Enquirer: 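Mind looking over this structure? Questions follow.
The analysis underlying the following values was restricted to heavy atoms, covering all of them including side chains, and did not include hydrogens, waters or symmetry mates. Owing to the predicted nature of the structure, the values given are computational and were not obtained by experimental measurement.
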Amino acid sequence: MKMNLKVKIITAVVMLLIFIGAAVILNRPDPEDVLSSAQKRMFAVARVTGILSDNAAPDSWTEGRRIGEQKLEVTLLTGKHKGAVLETVNYINAYYNVDAKLGTRLIVRLDYDDTGGLYVVSIPNYDRSSILVIALLAFAVLMIAVGGKRGARALFGLLFTLLNLWYILIPLVLKGVSPVIAAILIAAYTSAGALLMLTGFSRKTLCAFLGCVGGVIAAGIFAWLITILTPINGFNMSEAEELVIRASDSPLKISGLLISGILLSSLGALMDTSMSIVSALHEVYEQNPSISGKQIFRSGMNIGRDAMGTMANTLILAFVGSAFNLLILFQIYQYPMIQILNSDMIVIEILQGIAGSVGIIATTPLVSALCAAIFKVKRVEN
């Protein structure tokens, strides 16, 4: 037991050192880089300390949302001008509806006028950071309370995955690495890290890891074939125009972003499916070590078929949910089905759901076969 704990600690340290090294190298600033327009903008958190005037009123066509103008007095709570008291006009419409009250915390964009005086350019949104922090803490507490040590390790695995996506995957893609190759590598690395943190070095971890990576590759191959046949690629995404404009002077490869996004979105479900099947089969094997490899495989397929249906529903419904507003618009304007089924957005949503489901379908027999082979290998005692 102590040896297993020692191995887990060493593994976590090694994975963390690899991450830190890669993140430092990939995110090292270039001396020739200039600040972007977004970096030059100055934002701060402010509290409304006075409402000097308010002509906003509820509007019927916006379901009672107030529309109009407010003249506010705000006190800056962050930044180098913390404590400054400023006056500004808050324009409220149906879509940018930051309806301020006394004490409301806002995000304000600041700038200097021709005389060097500080003023508020706009009020882009509410300050939601404290609520998000509370929500995250509540999630973490629930995970640990219900899951115990495994819940805590799962949290570290999730954090490890998110950090790798932000500090390694995205910088790799921006430096011109193929998004598909980068996504597969990061999927393999993060799934290995998350599974090792959760269960340590074991046959369970090996089976779940190989099954997860195999499912990701299967989903990627299926998505690649469909994108060739349709044809559709990253340039059909809604953000493609902005990416082309903003990344015109970078080596970013936009065409592969669609498949890489599909791989990442299906990773969690594939990891969950792999570990669920492996855990169940390992428990079966522990209770009956004389069970044959053929019986392990058959049990894995039976377990996987149940997981297959629920996970496929989860993936497809998640992607449908992200396109729900678009589906409503199709109904409102009564688009013909031939136009709906061939629109870029719907094709992409359908492809994402199906490709992830194909990955789950491929994972089931792969994990079952791996467990049948690996569990029957003679144990080597620590």
Side-chain angles (χ1 to χ4, degrees), residues 14-30 33 36 157-197 208-228 231-272 274 315 318-319 322 348 351-356 358-360 362-363:
V14 170
M15 299 290 282
L16 184 61
L17 290 176
I18 293 173
F19 162 74
I20 292 173
V24 168
I25 293 172
L26 290 171
N27 294 276
R28 186 169 47 198
D30 189 334
D33 284 346
S36 65
L158 175 60
L159 179 61
F160 178 73
T161 299
L162 295 176
L163 290 174
N164 273 278
L165 295 179
W166 184 257
Y167 289 105
I168 296 182
L169 176 60
I170 294 176
L172 280 174
V173 172
L174 290 176
K175 291 182 182 299
V177 176
S178 166
V180 178
I181 294 175
I184 292 175
L185 292 175
I186 291 298
Y189 178 61
T190 55
S191 60
L195 292 171
L196 285 170
M197 289 181 193
F209 168 70
L210 294 176
C212 181
V213 173
V216 168
I217 293 174
I221 292 173
F222 180 83
W224 174 73
L225 289 174
I226 298 301
T227 58
I228 295 297
I232 195 169
N233 56 46
F235 284 95
N236 299 94
M237 298 187 303
S238 57
E239 302 86 0
E241 182 178 358
E242 184 75 10
L243 286 172
V244 170
I245 294 172
R246 301 298 179 185
S248 58
D249 57 346
S250 75
L252 173 66
K253 295 179 175 63
I254 296 175
S255 58
L257 292 178
L258 174 59
I259 296 177
S260 62
I262 291 172
L263 299 181
L264 294 173
S265 59
S266 60
L267 177 60
L270 292 171
M271 195 183 305
D272 184 36
S274 297
L315 280 174
F319 293 126
S322 65
I348 289 173
L351 176 58
Q352 287 178 324
I354 294 177
V358 167
I360 292 173
T363 298

Enquirer: How long is the span from the NZ atom in Lys253 to the CG atom in Leu243, to the nearest 0.5 Å?
Expert: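 Answer rounded to 0.5 Å: 14.5 Å.
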Enquirer: Roughly how far apart are Ile354 CD1 and Ile226 CD1, rounded to 0.5 Å?
Expert: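 These two atoms lie 7.5 Å from each other.
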Enquirer: Side-chain contact test, heavy atoms from C-beta onward, threshold under 4.5 Å: evaluate it for Val173 versus Leu252 and give yes or no.
Expert: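 Yes, at least one pair of side-chain atoms sits under 4.5 Å.
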Enquirer: How many angstroms lie between atom CG of Leu351 and atom CG of Leu258, to the nearest 0.5 angstrom?
Expert: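 That separation rounds to 6.0 Å.
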Enquirer: Nearest 0.5 angstrom please: Ile25 CD1 to Ile168 CD1, how far?
Expert: 9.5 Å
Enquirer: Measure the spacing between CG of Asn236 and CD1 of Ile348 and express it to the nearest 0.5 Å.
Expert: 5.5 Å
Enquirer: Could you pull out the closest heavy-atom pair between Pro171 and Leu26, with the gap in Å?
Expert: CB-CB, 3.9 Å
Enquirer: Check whether more than 12 heavy atoms from other residues, nucleotides or ligands sit under 6.0 Å from atom CD1 of Ile18, and answer yes or no.
Expert: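 Yes.
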Enquirer: To check you understand the geometry: which heavy-atom pair defines the closest contact between Gly211 and Ser274, and what is its length?
Expert: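 Minimum heavy-atom separation between Gly211 and Ser274: C-OG, 3.6 Å.
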Enquirer: Phe19 versus Asn164: any side-chain heavy-atom pair under 4.5 Å?
Expert: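 Of all side-chain heavy-atom pairs linking Asn164 with Phe19, at least one is under 4.5 Å.
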Enquirer: List for me each residue that meets ring pair (Phe, Tyr, Trp, His ring centres under 6.0 Å) alongside Phe160, sequence neighbours excluded, and say none if there are none.
Expert: Tyr189
Enquirer: Which pairs of donor and acceptor atoms, one on a side chain in residues 259-271, lie under 3.5 Å apart (sequence neighbours left out)?
Expert:
residue: Ser260; atom: OG; partner: Gly256; partner atom: O; Å: 3.3
residue: Ser260; atom: OG; partner: Leu257; partner atom: O; Å: 2.9
residue: Ser265; atom: OG; partner: Gly261; partner atom: O; Å: 3.0
residue: Ser265; atom: OG; partner: Ile262; partner atom: O; Å: 2.9
residue: Ser266; atom: OG; partner: Ile262; partner atom: O; Å: 3.0
residue: Ser266; atom: OG; partner: Leu263; partner atom: O; Å: 3.1

Enquirer: side-chain contact (heavy atoms from CB on, under 4.5 Å) with Ala188: which residues, sequence neighbours excluded?
Expert: Phe209, Val213
Enquirer: Kindly compute the distance separating CG (Leu165) from CD1 (Ile186), expressed to the nearest 0.5 Å.
Expert: 7.5 Å
